[in-house]
Amino acid sequence: MSAMAGSKAAAARAAELHSAAGAALLRHGVRYTTHRRTLMTALNEAGQPLTIPQLIEAASRVPQSSVYRNLAILEEAGIVHRMPGIDDFARYELAEHLMGHHHHLVCSTCGVVEDVILPPALESELEDELKRIARRRGFTLSSHRLDLVGDCTSCDRARA
C-alpha cells in the first residue's frame, strides 16, 4: 500500500471513529466537544493504552481538569475503557467495539502496556476453549480479556 493510500485509510478510520464517538455521546445526552474529539484522537493515535499523564501530554491543548472530566464522560458513554494498572496508574484506551478485539502485554516492573492482536485462527481457538471452560463451570461467556504479564525489554535490560 502506498503512503498516500495508507494515509487515506487512516483518515477514513479516524472519520469513522469520530462519527461513532459523536453518535454514542449524543445517545448519552452530551455533545462531542473539541476537547473530547482531541482526547479521542490522542487515544486513537497512541496505539497503546495511556495513563492520564501520558494523555495530558498527548492532548496538550486540553486543560488537565478537562481531561479528567471528559475521560469520565467518554467512559460513561462506553467509548473509552479504563484499565486498572499494576502500578499506581490506570490506563485508558478506546473501547473494543471501536478499535477491535485485542490483548495486552503488561510490564510488571514499569507498568507499560502494549496492545497485542492474535492471528484470527488462534483467537478463534482461544475463544472456543474459553467458552468450553466457562460452560463446564455453568458460566455463560460474553467476552474475554487476556493480559500477558512479565517484563518489557527495557526493564529486562536494566536488570541484566
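- For Asp156, the salt bridge (charged side-chain N to carboxylate O under 4.0 Å, His left out) partners are Arg159, not counting sequence neighbours.
- Within the model, atoms CG of Leu105 and CG of Asp147 stand 9.0 Å from one another, a figure rounded to the nearest 0.5 Å.
- Side chain of Ser108 to backbone of Gly150: a donor-acceptor contact under 3.5 angstrom is found.
- Ile117 meets the side chain to side chain contact (heavy atoms under 4.5 Å, CB included) test with His102; sequence neighbours excluded.
- Partners of Glu75 by side chain to side chain contact (heavy atoms under 4.5 Å, CB included), not counting sequence neighbours, listed by chain and number: Arg82, Tyr92.
- In this structure, the salt bridge (charged side-chain N to carboxylate O under 4.0 Å, His left out) partners of Arg91, at least two apart in sequence or on a different chain, are Asp87.
- With sequence neighbours excluded, the residues forming a side chain to side chain contact (heavy atoms under 4.5 Å, CB included) with Leu122 are Leu118, Pro119, listed by chain and number.
- The main-chain N or O of Val62 is never found under 3.5 Å from a side-chain atom of Ser66 such that the two would form a donor-acceptor pair.
- Residue Val149 is not grouped with residue Leu146 when hydrophobic side chains (ILVMFWY) are merged at heavy-atom distances under 4.5 angstrom, including chains of intermediate members.
- From Leu74, atom CG reaches atom CG of Leu25 across 6.0 Å, with rounding to the nearest 0.5 Å.
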In residues 42-50, what donor-acceptor pairs under 3.5 Å come from side-chain atoms, sequence neighbours left out?
none

Quiz item: side-chain contact (heavy atoms from CB on, under 4.5 Å) between Leu17 and Thr41: does it pass, once the steps are laid out?
Solution: CA-CA 9 Å; Leu17 167 71; Thr41 297; 6.0 Å; no

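- The closest donor-acceptor contact from the side chain of Arg31 to the backbone of Leu26 lies at 3.5 Å or more, if one exists at all.
- The side chain to side chain donor-acceptor pair (under 3.5 Å) pairs that include a residue from residues 130-143 are Glu129-Arg132, where partners are two or more places apart or lie in different chains.
- In terms of hydrophobic clustering, with Ile, Leu, Val, Met, Phe, Trp and Tyr side chains grouped at heavy-atom distances under 4.5 Å, Leu126 and Leu148 are assigned to a common cluster.
- If you take NE2 on His104 and CD on Glu93, they are separated by 3.5 Å, rounding to the nearest 0.5 Å.
- Under the ring pair (Phe, Tyr, Trp, His ring centres under 6.0 Å) criterion, Phe89 pairs with no residue, sequence neighbours left out.
- A distance of 11.5 Å separates CD in Gln64 from CZ in Arg69, rounded to the nearest 0.5 Å.
- The side chain to side chain contact (heavy atoms under 4.5 Å, CB included) check on Ala95 picks up His97, with sequence neighbours excluded.
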Quiz prompt | Test log, rule side-chain contact (heavy atoms from CB on, under 4.5 Å), inputs Val30 and Arg36 | solution = CA-CA 11 Å; Val30 295; Arg36 292 174 189 150; 3.8 Å; yes

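- The two residues Cys107 and Cys152 have their closest heavy-atom pair at SG-N, 3.3 Å.
- Considering CZ of Arg37 and CG of Asn70, their distance stands at 13.0 Å, rounded to 0.5 Å.
- Between the side chains of Glu127 and Ser124, no donor N or O sits under 3.5 Å from an acceptor N or O.
- The two atoms that bring Met40 and Leu94 nearest to each other are CE-CD2, 3.4 Å, heavy atoms only.
- Residues forming a salt bridge (charged side-chain N to carboxylate O under 4.0 Å, His left out) with Arg61 (at least two apart in sequence, or on another chain): none.
- Contacts classified as ring-ring contact (aromatic ring centres under 6.0 Å, His included) and involving residues 14-71 (residues at least two apart or in different chains) are given here: His18-Tyr32.
- Scanning for ring pair (Phe, Tyr, Trp, His ring centres under 6.0 Å) contacts around His103 gives His101, His144, with sequence neighbours left out.
- For the atom pair Ile79 CD1 and Ile73 CD1, the distance stands at 10.0 Å (nearest 0.5 Å).
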